[in-house]
Protein chains: 2
Amino acid sequence: MSSSVINPESLAQKLADSGLRNTPQREVVYSALLTKRDHPTADEVYARVRSDISSISLATVYNCLEALVQCHLVRAVNFERGPTRYCPNLAPHAHFHDEATGATFDIDLPSEILSKVTSILPPGYDAEAVDIIFRGKTTGTR
Amino acid sequence: MSSSVINPESLAQKLADSGLRNTPQREVVYSALLTKRDHPTADEVYARVRSDISSISLATVYNCLEALVQCHLVRAVNFERGPTRYCPNLAPHAHFHDEATGATFDIDLPSEILSKVTSILPPGYDAEAVDIIFRGKTTGTR
DNA sequence: CTTGCGATTTAGAACCATTACAACTTGATT
DNA sequence: AATCAAGTTGTAATGGTTCTAAATCGCAAG
């Protein structure tokens, strides 16, 4: 049933663009994400896709999610799988995470930018904190 | 040596403001963060403070870090300890994490706000992705 | 076809950051 | 000194994720 949500060709195409194959497992995992867009965890996806492919394993769900992230069809919200890092800088600032070295840098965050960002929240959302995290590379001319 | 960096009175004061006591362990942990501001992990802090208090335990380092976060002297960069969540929404958007229910919501991110945010990056920082995460409560009138 | 081969899936073990627990210590208050 | 709460410690447990090795799949060349 949930398989009616996706266009398997575009999925296959996106996977192929990243050098990956399409598989029934990847289809049902992607379909599970599209059917109920509630930011499920890997475990929750696992629970949902078992009705489509009862033999699927949790490891495969992780593999499929990683494949979907890799071909830019899905975003991982809590990207950082590593340990929590601690920062004593109390001034408002964003973080830049260098994916090559793993280093984290503070990026100054002007208050008018911060207030612009918080202004995107519709009424009813009461934010106590905002985290802005860039990921990418740093170049020599820094 | 690293203990020369902090003003123990202000630390004690901040802790007291949150109903917490000052302890030698909390002092050296905080001092370790101030001395080398490289966003260390709990393990790295543990390694550094052992030269100050050789008997300190990793559990205490976690406790101290949590105390410092609680009294707003330190920020935890990868706050989300829970499982990674997956999101098939490809449009630029921020995330709002409701701390009461654990639910995650997409927040529309106008492209002009996004470009303002990325504009804070100094030259030499090449961001491939930006994550903007709000944390807080949602109210009834949403 | 069919054989070969790399990619994928699977089950289960291993890993690692973090938390829980229970005993012990400390330190402020009476 | 006695009390009591808060903090520390070592260790065990937890839980999300990754690893491993074996089985399977599916395309591609012969």
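Every heavy atom of this structure was used, including side-chain atoms; hydrogens, water molecules and symmetry mates were not. Letters A, B, ... mirror the listed sequences (proteins, then strands); counts begin at 1.
When each of L33(B), T35(B), L34(B) is checked for a side chain to side chain contact (heavy atoms under 4.5 Å, CB included) with R37(B), only L34(B) meets the rule.
Distance from the side chain of S57(A) is smallest to dA11(C) among dT9(C), dA11(C), dT9(D).
Under the side-chain hydrogen bond (donor to acceptor under 3.5 Å, both in side chains) criterion, R85(B) pairs with no residue at all, not counting sequence neighbours. Here D38(B) pairs with K36(B), R48(B) under the salt bridge (Lys or Arg N to Asp or Glu O under 4.0 Å) rule; sequence neighbours left out.
Below 30°, between 30° and 60°, or above 60°: for H95(A) and H39(B) the angle between ring planes is above 60°, a perpendicular geometry. Ring geometry, F105(A) versus Y125(B): the interplanar angle exceeds 60°, so the pair is classed perpendicular (tilted spans 30 to 60°).
Distance, L20(B) CG to dA5(D) P: 17 Å, rounded to whole Å. Rounded to an integer number of Å, the gap from L15(B) CG to dA5(D) P is 21 Å. Computed from coordinates, the N63(B) CG to dA17(C) P distance equals 17 Å when rounded to whole Å. Separating the CG atom of L68(B) from the P atom of dG7(D) is a distance of 12 Å, rounded to the nearest angstrom. Here dT10(C) presents its P atom at 11 Å from CZ of R50(A), a figure rounded to the nearest Å.
Not one side-chain nitrogen or oxygen of S55(A) sits closer than 4.0 Å to the OP1 or OP2 atom of dT9(C). In this structure, Q25(A) does not reach the dC25(D) phosphate: none of its side-chain N or O atoms is under 4.0 Å from OP1 or OP2. Proximity of T23(A) to the phosphate of dT8(C): no side-chain N or O atom is located under 4.0 Å from OP1 or OP2.
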Show the distances under 3.5 angstrom between N or O atoms of the protein and N or O atoms of nucleotides 23-29 of chain C.
none

Measure all distances between protein nitrogen or oxygen atoms and nitrogen or oxygen atoms of nucleotides 17-20 of chain D, and list the pairs falling under 3.5 Å.
from    : atom 1 : to     : atom 2 : distance (Å)
dT17(D) : OP1    : T84(B) : N      : 2.7
dT17(D) : OP1    : T84(B) : OG1    : 2.8
dT17(D) : OP2    : Y62(A) : OH     : 2.5
dT17(D) : O5'    : Y62(A) : OH     : 3.4

Under 3.5 Å donor-acceptor pairs involving side-chain atoms of residues 68-75 of chain B, not counting sequence neighbours:
from   : atom 1 : to     : atom 2 : distance (Å)
R75(B) : NH2    : H93(A) : O      : 2.9
R75(B) : NH2    : H93(A) : ND1    : 3.3
R75(B) : NH2    : H93(A) : NE2    : 3.3

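A salt bridge does not link D98(A) to K137(A): none of the charged nitrogens lies less than 4.0 Å from a carboxylate oxygen.
Remark on the helix from dC1(C)-dG30(D) to dT30(C)-dA1(D): inter-end axis angle 20°, axes from five-pair C1' superpositions, rounded to 10°.
Here the shortest heavy-atom pairing between I120(A) and A94(B) reads CD1-CB, 4.2 Å.
In this structure a side-chain-to-backbone donor-acceptor pair under 3.5 Å is missing from E66(B) to N63(B).
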- Worked verdict on E128(B) versus R135(A) for side chain to side chain contact (heavy atoms under 4.5 Å, CB included): CA-CA 6 Å; E128(B) 282 158 10; R135(A) 284 175 292 155; 5.8 Å; no
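The closest side-chain donor-acceptor pair between T60(A) and S57(A) falls under 3.5 angstrom.
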